Amino acid sequence: MKYYFNTTLKGDFDLIIEKVTEELKKEGFGILTEIDVKETLKKKLDVDFKKYRILGACNPPYAHKALEAEDKIGTMLPCNVIVQEISKGVVEVAAVNPMASMQSVENESLKEIAKEITTKLERVIEKL
């Protein structure tokens with residue numbers, strides 16, 4: 001089982017981030033964090049890196065269910081979605097596969113929650 005699912009798109013990096021955010025919203029996710037890896041690496045290490053953002057997506061009702069089922073699951077939240085420029089005008093979007101993440105957690109009640117979140121994130125990627 002792959003730990004992520006992805007798609008590659010042609011278009012403007014910033015517009016694709018907007019589209020990803022919009023599709024996540026349709027599935028009940030909000031963006032809690034946004035890490036601009038390119039900017040961070042430049043600032044901290046003076047390294048030039050490609051456009052690369054990590055979006056921390058959260059679906060509050062499912063996060064609540066997961067936290068009630070397993071109080072340490074917060075170490076695996078939020079669901080990360082990356083947007084990276086592969087080449088000029090070519091952008092990859094990848095989302096964590098919650099089913100793969102949950103394999104390491106020994107809690108049966110989380111499996112259904114992970115399955116539902118996986119379906120939602122897969123739909124986001126498919127709709128891009």
Side-chain angles (χ1 to χ4, degrees):
M1 175 182 299
K2 284 175 56 174
Y3 68 93
Y4 66 93
F5 21 88
N6 65 323
T7 192
T8 303
L9 307 165
K10 290 186 179 183
D12 179 75
F13 184 82
D14 292 320
L15 292 176
I16 290 172
I17 288 185
E18 287 177 23
K19 177 72 172 159
V20 170
T21 302
E22 180 182 310
E23 291 300 330
L24 284 165
K25 191 175 200 177
K26 290 177 186 175
E27 292 292 336
F29 292 89
I31 304 299
L32 295 180
T33 59
E34 184 171 336
I35 301 168
D36 185 332
V37 175
K38 177 183 174 89
E39 181 183 299
T40 301
L41 291 177
K42 186 65 176 172
K43 186 188 307 181
K44 300 288 184 182
L45 303 175
D46 197 27
V47 171
D48 291 320
F49 196 72
K50 62 187 170 184
K51 292 180 181 177
Y52 191 112
R53 299 248 182 96
I54 303 170
L55 307 176
C58 179
N59 184 305
Y62 283 93
H64 182 240
K65 286 182 193 177
L67 288 164
E68 285 190 327
E70 177 75 37
D71 68 345
K72 307 302 183 289
I73 205 64
T75 61
M76 297 178 144
L77 299 177
C79 295
N80 283 332
V81 177
I82 65 161
V83 181
Q84 65 174 320
E85 187 174 65
I86 302 301
S87 61
K88 189 71 174 168
V90 179
V91 179
E92 179 186 27
V93 180
V96 67
N97 180 346
M99 289 298 291
S101 300
M102 291 304 133
Q103 286 181 340
S104 63
V105 181
E106 296 176 9
N107 185 327
E108 286 298 315
S109 59
L110 285 175
K111 284 186 181 178
E112 189 59 36
I113 297 166
K115 184 177 177 182
E116 290 176 32
I117 289 294
T118 298
T119 299
K120 288 178 172 298
L121 288 172
E122 285 176 322
R123 270 197 302 259
V124 167
I125 297 296
E126 287 168 9
K127 289 179 181 177
L128 297 172

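Here the structure is a predicted model, which means the values were calculated and not measured.
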[X] [atom1] to [Y] [atom2] distance, which is reported to the nearest 0.5 Å:
| X | Y | atom1 | atom2 | answer |
| --- | --- | --- | --- | --- |
| N80 | I54 | CG | CD1 | 6.0 Å |
| K50 | E92 | NZ | CD | 7.5 Å |
| F13 | K88 | CZ | NZ | 11.0 Å |
| T8 | Q84 | OG1 | CD | 8.5 Å |
| T75 | E70 | OG1 | CD | 8.5 Å |
| Y3 | Q103 | OH | CD | 14.0 Å |

Between T40 and L45, is any pair of side-chain heavy atoms under 4.5 Å apart?
no

So that I can tick it off, tell me whether [Y] and [X] are bridged by a salt bridge, with the cut-off set at under 4.0 angstrom between side-chain N and carboxylate O.
| X | Y | result |
| --- | --- | --- |
| K120 | E116 | no |
| E85 | K38 | no |
| K111 | E108 | yes |

Taking all non-hydrogen atoms of both residues into account, name the closest pair between [X] and [Y] and its distance.
| X | Y | value |
| --- | --- | --- |
| D14 | R53 | OD1-NH2, 3.5 Å |
| K2 | N6 | NZ-OD1, 4.0 Å |
| A114 | M102 | CB-CG, 3.3 Å |
| L67 | G74 | CD2-N, 3.8 Å |
| I117 | C79 | CG2-SG, 3.9 Å |
| A57 | V81 | CB-CG2, 4.5 Å |

Could you walk me through whether L121 and L24 pass the side-chain contact (heavy atoms from CB on, under 4.5 Å) test, one step at a time?
CA-CA 8 Å; L121 288 172; L24 284 165; 3.9 Å; yes

Look at the side-chain heavy atoms of Ile, Leu, Val, Met, Phe, Trp and Tyr, link any pair under 4.5 Å apart, and say whether [X] and [Y] land in one connected group.
| X | Y | result |
| --- | --- | --- |
| M76 | I113 | yes |
| I17 | Y4 | no |
| L55 | Y52 | no |
| L77 | L110 | yes |
| I82 | V96 | no |

With salt bridge (Lys or Arg N to Asp or Glu O under 4.0 Å) as the criterion, how do E23 and K26 come out once you've worked through the C-alpha distance, each side chain's angles and the decisive distance to 0.1 Å?
CA-CA 5 Å; E23 291 300 330; K26 290 177 186 175; 3.2 Å; yes

Decide side-chain contact (heavy atoms from CB on, under 4.5 Å) for H64 and E68; before the verdict, give the C-alpha distance in whole Å, the side-chain angles of both, and the deciding distance to 0.1 Å.
CA-CA 6 Å; H64 182 240; E68 285 190 327; 3.3 Å; yes

N97 side-chain N/O to M1 backbone N/O, donor-acceptor pair under 3.5 Å
no

Residue pair L128, K19: steps toward the side-chain contact (heavy atoms from CB on, under 4.5 Å) verdict:
CA-CA 7 Å; L128 297 172; K19 177 72 172 159; 3.6 Å; yes

Are more than 12 heavy atoms from other residues, nucleotides or ligands located less than 6.0 Å from atom NZ of K42?
yes

